[in-house]
Number of protein chains: 2
Amino acid sequence: MNIKDIAKISGVGISTVSRVLNNSGVVSDTTRARVLSVVKQYNYVPNSNARNLKKTQSNTIALMIKGISNPFFANMIKEVERQVHLRGCPLMIQQVEDGVDEIAAAMQLIREKNLYGVIFMGGTYDHSEEEFKQLGIPFVLTTITTMKEVDPNVFSSVSIDDVQSAYKATNYLISLGHRNICFMARYPLMENTIGNRRLLGYKKALEEHGIEYDSALVEDCEYAPSFGFAAAKRLLSKNLGVTAMFAASDAIAIGAAKAVLSSGLSIPGDISIVGFDGIEMAEYYHPSLDTISQPGVEMAHVSVEILFDLIAGETANRHVVFESMLVKRGSSRKIN
Amino acid sequence: MNIKDIAKISGVGISTVSRVLNNSGVVSDTTRARVLSVVKQYNYVPNSNARNLKKTQSNTIALMIKGISNPFFANMIKEVERQVHLRGCPLMIQQVEDGVDEIAAAMQLIREKNLYGVIFMGGTYDHSEEEFKQLGIPFVLTTITTMKEVDPNVFSSVSIDDVQSAYKATNYLISLGHRNICFMARYPLMENTIGNRRLLGYKKALEEHGIEYDSALVEDCEYAPSFGFAAAKRLLSKNLGVTAMFAASDAIAIGAAKAVLSSGLSIPGDISIVGFDGIEMAEYYHPSLDTISQPGVEMAHVSVEILFDLIAGETANRHVVFESMLVKRGSSRKIN
DNA sequence: GATGTGTATCGAAACGATTCGATTTTACAA
DNA sequence: TTGTAAAATCGAATCGTTTCGATACACATC
């Protein structure tokens, strides 16, 4: 069943059917009604391969994501799907594994599928201006840090201020009287990663309060409970008199909390903990974990909005920085 | 840059380029090398819309998923993406919201995109044999219950035995001396839902041990911590002398545990808890939650394998039932 | 009645691939 | 050389759309 069949059955030309289906050009009301009824009756769905071929553009959006199993992204993916779907577009998902070039992978898809737009989510992108430019279609970076200095007119982005957020968390712990605060993140020592941005905020807070930075208190740690657990164990075994831990993700914080509790220490009695992200599980941990909460769903929503604005012809790239929120629950306490 | 350009530059006909790229038919080694070098030099990627149009079949796989933000599915989605990607196919994801007809939604995509295959993941499907048949392309149901009796020759599936698994969990609690065991799941009273299957196993265990079933101990509850928390609160407030809780998901169990702990009761001192799924967070909860673990990643893997077997021409539908595993950690104890 | 102006519709061409029947080239025996 | 089969290659037709220039008709205007 194709457009020709529909045309024949409706007794009109194929271009008329096309105009009816695309709401383009003029069609008399009676013709429109007749065509639509035939379409409905035969349950006709236009072939998007043919359409995309002709238009040399598909309506498909691709989501390139690093860390797909990170629970913080789950709700974001859900919202991206929802918003994209709402606009009548199919969503393609491609996971970007460590070590693969995300721009190259996207380029492949773009040429193959004539994509409408791309959302990049998660991780750290080590690309030059030129590489971003060569994408040639609208795209948005969400919760991503770029390692190179790239002209902001070249891309759109949705993010939070990682330095400021980590600063806020660390400040909070300091205000509670903590001095020996450790920090766990992925690649904290590698410049321009998210881990490094958060380390910067952590350092800034220490510095402002005259607390000396001690690299022994910083642990490299993947964003998952098992790594947080191991990192916290290592930290505790160093006997540095740690009274507080700041984790760059709730998943890490949950693992770290487990390490603390299973060592016979209490939270927040002996150790205070602050996480990052604001995932639901952290709230239901016992004790409920304090955290820096990111508005993930809103960020996903705005990412899609920006993307479709660009697709609609908007030429100015936007950079939206959301405010993170320090959520105080039950995992920190005042000491001294 | 299209196949014609490549043909011209290589000094060969377009069909030769096509044969080189698809490894179909004969091409002399020298010609093949020449074409490939041009393809590489110009970074040519065949347009899949054109290819799919001609072949009236695309290589796209669709994943229709209910409950995309459920952490148990995160790893499954990741594995599905990985396996599909490994086979050189793009993956389309569509979220199936409550109340939408998943088969109809899939049909739309199938006709629009000439899909290669579909994986349905999560939830309960209320469809007849006819409806499944009309899909007309290979598909696999993963972690899904079907409400109607459908001829197993009509579909392939990957699952665990929900009745048996819940039976195992309940039996375990009973063996520890518990009598007043409550049960939390989604739609436990609606026939053929996953919640109901697990309820059946729960009931079976009770019955075998001469414990009377008490519907006051059963709570309807969505698969998320907040709902588990509320359900457990309701249960505790009934003062039924509950000593154990069995939750049909770890997310529920985590919420329930929070309700127990924040009521000043201890786990497993006062209340024993067993969850379901085997998500990482449950292990790092404190105390570590006992659970019925499902091999999600393997299930995802096998689902993709079956799907591609069907695509390759396999005509016999397969039904793989994985073994779930009772994982004893620290949230249950022997009483009396 | 000739001309002009909308309105509604038509169908051929094009998008970029695959494929199959036709054609050319090569290899080798006679 | 020639004949012939096998190997290599060619290009037209096709997939199902969109789009644009052309057409047909009704009606008003002069």
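We name chains A, B, ... by the order of the sequence lines, and we start the count at 1 in each one. Every heavy atom of this structure was used, including side-chain atoms; hydrogens, water molecules and symmetry mates were not.
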Please check: side-chain N/O of [X] versus main-chain N/O of [Y], any donor-acceptor pairing under 3.5 Å?
X	Y	answer
B:Thr56	B:Leu53	no
A:Glu191	A:Met147	no
A:Asn47	A:Asn49	yes
B:Ser28	B:Thr31	yes
A:Ser159	A:Val321	no
B:Thr193	B:Tyr187	yes
B:Asn317	B:Ser156	yes

What is the distance, rounded to the nearest whole Å, between atom [atom1] of [X] and atom [atom2] of [N]?
X	N	atom1	atom2	result
B:Ile3	D:dT9	CD1	C1'	14 Å
A:Arg111	C:dC15	CZ	C1'	18 Å
B:Asn22	C:dA17	CG	P	11 Å
A:Asn114	C:dC15	CG	C1'	10 Å
B:Leu21	C:dT19	CG	C1'	14 Å
A:Met1	D:dT17	CE	P	11 Å
A:Lys55	D:dC20	NZ	C1'	15 Å

Checklist entry - Taking OP1 and OP2 of C:dA17, is either one under 4.0 Å from a side-chain nitrogen or oxygen of B:Tyr44? => result yes
Checklist entry - Does the side chain of B:Thr16 get closer than 4.0 angstrom to OP1 or OP2 of D:dC10 through an N or O atom? => result yes
Checklist outcome for this item: Residue pairs meeting side chain to side chain donor-acceptor pair (under 3.5 Å), one or both in residues 1-14 of chain B, sequence neighbours left out, come to none
Checklist outcome for this item: residues 294-304 of chain B vs side chain to side chain donor-acceptor pair (under 3.5 Å), sequence neighbours excluded, gives B:Glu79-B:His301, B:Gln83-B:His301, B:Thr142-B:Ser303, B:Asp277-B:Gln294, B:His301-B:Glu305
Checklist entry - Partners of A:Arg318 by salt bridge (Lys or Arg N to Asp or Glu O under 4.0 Å), sequence neighbours excluded? => result A:Asp309
Next on the checklist: Applying salt bridge (Lys or Arg N to Asp or Glu O under 4.0 Å), can you list everything that pairs with B:Glu131, at least two apart in sequence or on another chain?
Outcome noted: none
Next on the checklist: For DNA chain C, report each stem as range with range, ordered by first number, or say none. Use Watson-Crick or G-U wobble pairs under 3.5 Å, at least 3 in a row.
Outcome noted: C:1-30 with D:1-30
Checklist entry - Hey, can you pull the residues of residues 4-15 of chain B with a non-hydrogen atom under 4.0 angstrom from DNA chain D? => result B:Gly11, B:Val12, B:Gly13, B:Ile14, B:Ser15
Which pairs, with at least one residue in [range] and sequence neighbours excluded, count as a salt bridge (Lys or Arg N to Asp or Glu O under 4.0 Å)?
range	value
residues 11-22 of chain B	none
residues 135-153 of chain A	A:Asp126-A:Lys148
residues 97-122 of chain B	B:Lys66-B:Glu102

Next on the checklist: Counting only heavy atoms and a strict 4.0 angstrom limit, can you tell me which residues of residues 45-54 of chain A come near DNA chain C?
Outcome noted: A:Leu53, A:Lys54
Protein-nucleotides 21-24 of chain D N/O pairs under 3.5 Å:
none

Checklist entry - At under 4.0 Å between heavy atoms, what does B:Ser18 touch on the DNA or RNA strands: base, sugar-phosphate, or nothing? => result base
Checklist entry - Are A:Phe155 and A:Phe139 close enough that their ring centres sit under 6.0 Å apart? => result no
Next on the checklist: In the structure I gave you, are the side-chain heavy atoms of B:Thr145 and B:Asn192 within less than 4.5 Å of one another anywhere?
Outcome noted: no
Anything under 3.5 Å between a protein N or O and an N or O of nucleotides 5-8 of chain C, put it in a table, one pair a line.
none

